[in-house]
Amino acid sequence: PGYYGDGLNAIIVFAACFLPDSSRTDYNYVMENLFLYVISTLELMVAEDYMIVYLNGATPRRRMPGLGWLKKCYQMIDRRLRKNLKSFIIVHPSWFIRTILAVTRPFISSKFSSKIQYVNTLAELREMIPMEYVHIPDSIVK
């Protein structure tokens with residue numbers, strides 16, 4: 001995580017390229033525990049507004065989380081965490097990610113949908129947030 005603004009608000013960076021491969025036999029177990037870890041970490045870190053930067057670059061399709069998992073995450077996230085989320089930035093969005101979000105838009109609150117932003121390059125991301133507080137993995141930079 002990094003921070004931005006005067007109040008040092010959290011920037012949560014999530015690199016999809018490090019997610020487990022969906023061919024693992026224990027994939028559902030691993031993803032369930034990963035989700036619980038992420039939520040508990042968010043609850044500890046986030047007292048104020050925060051943003052999530054989802055790095056989609058360098059991610060093969062088999063490592064991208066499934067629609068069911070994403071829906072469950074959204075439903076389980078505490079109302080306070082959803083309310084304090086100021087923006088959800090998707091860097092290097094694939095056709096697959098854009099399609100999933102287009103299909104799920106009717107089931108997601110319009111307030112949440114309005115927080116989703118697509119960013120095509122790291123240079124564009126740099127214009128939006130202070131990058132000195134954000135670690136971008138080398139595989140995504142390349």
Nearest heavy-atom neighbours spanning [X] and [Y]:
X      : Y      : value
Leu19  : Arg63  : O-NH1, 2.6 Å
Ile140 : Cys17  : CD1-SG, 3.9 Å
Ser87  : Gln117 : CB-OE1, 3.3 Å
Ala58  : Ser139 : CB-O, 3.6 Å
Asp21  : Tyr27  : O-CD1, 3.3 Å
Leu85  : Met51  : CD1-CA, 4.0 Å

Do [X] and [Y] come close enough that some side-chain heavy atom pair is under 4.5 Å?
X      : Y      : answer
Ile90  : Leu101 : yes
Leu122 : His92  : yes
His135 : Val13  : no
Met131 : Ile136 : yes
Lys83  : Lys111 : no
Pro65  : Met31  : yes
Asn56  : Met64  : yes
Tyr54  : Val91  : no

Crowded around Arg79 CZ? As in, over 12 foreign heavy atoms under 6.0 Å?
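Check fails, neighbour count at 12 or below.
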
Verify the neighbour count for atom CZ of Phe96: are there more than 12 heavy atoms of other residues, nucleotides or ligands below 6.0 Å?
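More than 12 within 6.0 Å, yes.
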
If you round to the nearest 0.5 Å, how far is [atom2] of [Y] from [atom1] of [X]?
X     : Y      : atom1 : atom2 : result
Phe88 : Ser114 : CZ    : OG    : 13.5 Å
Glu32 : Asp26  : CD    : CG    : 13.0 Å
Ile97 : Thr59  : CD1   : OG1   : 8.0 Å
Ile52 : Leu81  : CD1   : CG    : 8.5 Å
Ile77 : Asn84  : CD1   : CG    : 12.0 Å
Trp95 : Ile100 : CH2   : CD1   : 9.5 Å

Path from Ile108 to Val103 over hydrophobic side-chain contacts below 4.5 Å
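Unlinked, Ile108 and Val103 end up in two clusters.
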
What's the verdict on side chain to side chain contact (heavy atoms under 4.5 Å, CB included) for Val53 and Ile129, showing C-alpha distance, side-chain angles and the deciding distance?
CA-CA 10 Å; Val53 176; Ile129 62 173; 3.9 Å; yes

Residue pair Ile12, Thr41: steps toward the side chain to side chain contact (heavy atoms under 4.5 Å, CB included) verdict:
CA-CA 10 Å; Ile12 312 300; Thr41 303; over 6 Å; no

